[in-house]
Asker: 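This is the structure, below, for whatever I ask next.
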There are 2 protein chains.
Amino acid sequence: MPAKDTLPDFEEKIASLLKKSHLSVTESRRKILHLFLEHAGALSHGDIERKAGEKFDRVTVYRTLQAFVEKGIIHTIPTADNSIRYALCKDDCSAGHHHDHHVHFLCHRCNNTYCLDDVVTPDIKLPRGYVAEQVEVLVEGVCKNCR
Amino acid sequence: MPAKDTLPDFEEKIASLLKKSHLSVTESRRKILHLFLEHAGALSHGDIERKAGEKFDRVTVYRTLQAFVEKGIIHTIPTADNSIRYALCKDDCSAGHHHDHHVHFLCHRCNNTYCLDDVVTPDIKLPRGYVAEQVEVLVEGVCKNCR
DNA sequence: AGCAAAAAGCAACATAGTTGCAAAATCTTG
DNA sequence: CAAGATTTTGCAACTATGTTGCTTTTTGCT
Ligand SMILES: [Mn+2]
Ligand SMILES: [Mn+2]
Ligand SMILES: [Zn+2]
Ligand SMILES: [Zn+2]
């Protein structure tokens with residue numbers, strides 16, 4: 001019975017993720033992590049406020065996302081408009097140290113943002129004098145679900 | 001006398017740029033274009049409001065930047081935080097059609113954003129099903145002036 | 001100079017994000 | 001498992017950012 005399995009699995013994962021990050025397990029944190037786990041694409045602050053319903057205060061959402069970023073649970077994704085989007089870090093991101101060397105994809109049709117975890121960011125040959133510490137790549141187009 | 005030359009040069013360039021774009025030549029447009037021409041790096045809306053002093057209404061700055069983007073005079077640069085930055089389009093961007101296939105660089109030290117006009121965005125090999133229409137690359141690190 | 005069109009300024013509003021503090025929930029430890 | 005210490009939440013108030021409609025001013029053109 002795979003349908004019944006998903007929910008307990010999530011709750012388990014959520015609790016261990018929070019504990020590993022030294023964050024106390026609260027209703028808002030569980031709810032917001034759940035949203036990320038079930039959604040596949042990235043979420044904006046606004047998305048989360050809407051999906052979480054009237055359940056939580058706006059301030060709580062801000063502080064929760066901030067805590068998750070600091071602990072390496074989620075990462076931000078730069079966009080051309082000025083709406084920050086957040087997505088789960090897949091693996092070994094820890095407090096203060098993100099290792100997100102993958103490309104992000106924004107679909108013009110469904111307006112979803114996806115982490116392409118298997119597509120690593122390329123090395124960029126820079127002019128003399130510039131030192132690269134991080135490379136962010138955002139590809140825009142049409143995703144595989146939208147054609 | 002190179003020092004004296006720069007200002008008239010700018011004014012000339014500004015007038016021709018505006019005329020070419022079918023925009024009437026107004027004080028705010030000239031001032032804001034001047035800021036871009038003398039600054040090298042990209043500017044945020046806030047930068048411009050500050051640098052233009054108390055001279056213009058906030059709304060005017062918004063509408064001016066919007067007009068410049070639409071006419072292909074400036075382009076937006078995605079950032080990791082949610083502040084849009086704007087930079088001059090170098091060449092053949094026209095109304096509604098930007099051709100900015102260059103990489104952007106954000107310096108962690110001076111916090112300036114530069115267009116690396118000579119560094120073209122790489123092709124990204126995407127998973128089956130994804131269609132790329134545009135690629136944005138933002139490199140973060142230390143710029144040549146800051147070491 | 002005089003007219004029509006465009007832009008700027010103003011006010012009012014809407015949305016987004018921050019901060020301090022008191023109340024509530026969570027964690028710890030005996 | 002109860003009590004106290006600690007953390008988190010919700011609330012209120014505030015700042016910042018962005019938008020819209022309308023009136024006045026400026027610009028381009030004849
Ligand atoms: Mn990602
Ligand atoms: Mn650029
Ligand atoms: Zn899509
Ligand atoms: Zn620098």
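Below, read A as the first sequence line, B as the second, and so on, with proteins coming before strands; counting in each chain starts at 1. Model, not experiment: these values are computed from the prediction.
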Asker: Measure the CD1-OG distance between A:I48 and A:S28 for me, rounded to the nearest 0.5 Å.
Answerer: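 Reported to 0.5 Å precision, the distance equals 11.5 Å.
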Asker: Please list, chain by chain and in numerical order, all residues satisfying ring-ring contact (aromatic ring centres under 6.0 Å, His included) with A:H102, sequence neighbours excluded.
Answerer: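 With sequence neighbours excluded, A:H102 shows a ring-ring contact (aromatic ring centres under 6.0 Å, His included) to A:H75, A:H104, given in chain and number order.
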Asker: Specify the separation, in whole Å, of atom CD of A:E70 and atom P of D:dT8.
Answerer: 11 Å
Asker: From OH of B:Y86 over to C1' of D:dT17, roughly how many Å is that when rounded to an integer?
Answerer: 11 Å
Asker: Establish, with yes or no, whether the OP1 or OP2 oxygen of D:dT9 is under 4.0 angstrom from a side-chain nitrogen or oxygen of A:T60.
Answerer: no
Asker: Quick one: list whatever passes side-chain hydrogen bond (donor to acceptor under 3.5 Å, both in side chains) with B:H108, sequence neighbours left out.
Answerer: A:E133, B:E140
Asker: Quick one: B:D57 CG to D:dG18 C1', roughly how many Å, whole number?
Answerer: 12 Å
Asker: Which hydrophobic side chains are connected to B:L138, either touching it within the sub-4.5 Å cutoff or through other members that do?
Answerer: B:L106
Asker: Counting primed atoms plus P, OP1 and OP2 as sugar-phosphate and everything else as base, spell out the protein contacts along nucleotides 25-30 of chain D at 4.0 Å heavy-atom distance: B, S or - for each nucleotide, 5' to 3'.
Answerer: --SS--
Asker: Write down the atom of B:L18, the atom of B:S24, and the distance for their closest heavy-atom approach.
Answerer: CD1-O, 4.5 Å
Asker: Give me each pair satisfying salt bridge (Lys or Arg N to Asp or Glu O under 4.0 Å) with a member in residues 43-63 of chain B, each pair once, sequence neighbours excluded.
Answerer: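 As it turns out, the salt bridge (Lys or Arg N to Asp or Glu O under 4.0 Å) pairs with a partner in residues 43-63 of chain B, which skip direct neighbours, are B:E27-B:K55, B:D47-B:R50.
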Asker: Without placing hydrogens or testing angles, list every side-chain donor-acceptor pair under 3.5 Å for residues 113-132 of chain B, not counting sequence neighbours.
Answerer:
from	atom 1	to	atom 2	distance (Å)
B:T113	OG1	B:R85	NH1	3.0
B:Y114	OH	B:N112	ND2	3.1
B:D117	OD2	B:K90	NZ	2.9

Asker: The criterion is salt bridge (Lys or Arg N to Asp or Glu O under 4.0 Å); which residues satisfy it with A:R109, sequence neighbours excluded?
Answerer: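 Result, salt bridge (Lys or Arg N to Asp or Glu O under 4.0 Å) vs A:R109: none returned.
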Asker: Any chance you could measure A:H101, atom NE2, to A:Q134, atom CD, to the nearest 0.5 Å?
Answerer: 7.0 Å
Asker: Please tell me whether B:L65 and B:I77 are part of a single hydrophobic cluster in this structure, the criterion being side-chain heavy atoms less than 4.5 Å apart.
Answerer: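 Different clusters.
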Asker: With A:T60, which residues qualify under side-chain hydrogen bond (donor to acceptor under 3.5 Å, both in side chains), at least two apart?
Answerer: none
Asker: Starting from the first five and the last five pairs of the helix from C:dA1-D:dT30 to C:dG30-D:dC1, work out the angle between the resulting helix axes, to 10 degrees.
Answerer: 40°
Asker: A:K31 has an atom NZ; how far is it from atom C1' of D:dT9, in whole Å?
Answerer: 17 Å
Asker: Determine, for nucleotides 14-24 of chain C in 5'-to-3' order, which nucleotides have protein heavy atoms under 4.0 Å from the base (write B), from only the sugar-phosphate (write S), or from neither (write -).
Answerer: --SBBBB----
Asker: In this structure, how many angstroms lie between the P atom of D:dT8 and the CG atom of A:L18, rounded?
Answerer: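 Rounded to whole Å, this separation is 11 Å.
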Asker: Taking the six-membered ring for Trp, are A:F10 and A:H34 parallel (under 30°), tilted (30 to 60°) or perpendicular (over 60°)?
Answerer: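 Rings of A:F10 and A:H34: perpendicular, as their planes differ by over 60°.
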Asker: Whole angstrom is fine here: how far is it from NZ in A:K19 over to P in C:dT26?
Answerer: 14 Å
Asker: Round to a whole Å and report the spacing from CG of A:L65 to P of D:dT8.
Answerer: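 Value for this atom pair: 15 Å.
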Asker: Group every Ile, Leu, Val, Met, Phe, Trp and Tyr by side-chain heavy-atom contacts under 4.5 Å, then state whether B:L88 and B:V25 land in the same group.
Answerer: yes
Asker: Between the protein and nucleotides 4-6 of chain D, list the N/O to N/O atom pairs that are separated by less than 3.5 angstrom.
Answerer:
none

Asker: Does one hydrophobic cluster hold both A:L37 and A:V61, with members joined at side-chain heavy-atom distances below 4.5 Å?
Answerer: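 Same cluster: A:L37 reaches A:V61 through Ile, Leu, Val, Met, Phe, Trp or Tyr contacts under 4.5 Å.
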Asker: Rounded to whole Å, please give me the gap between NE2 in A:H22 and C1' in C:dT28.
Answerer: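 In whole Å, C:dT28 C1' and A:H22 NE2 are 16 Å from each other.
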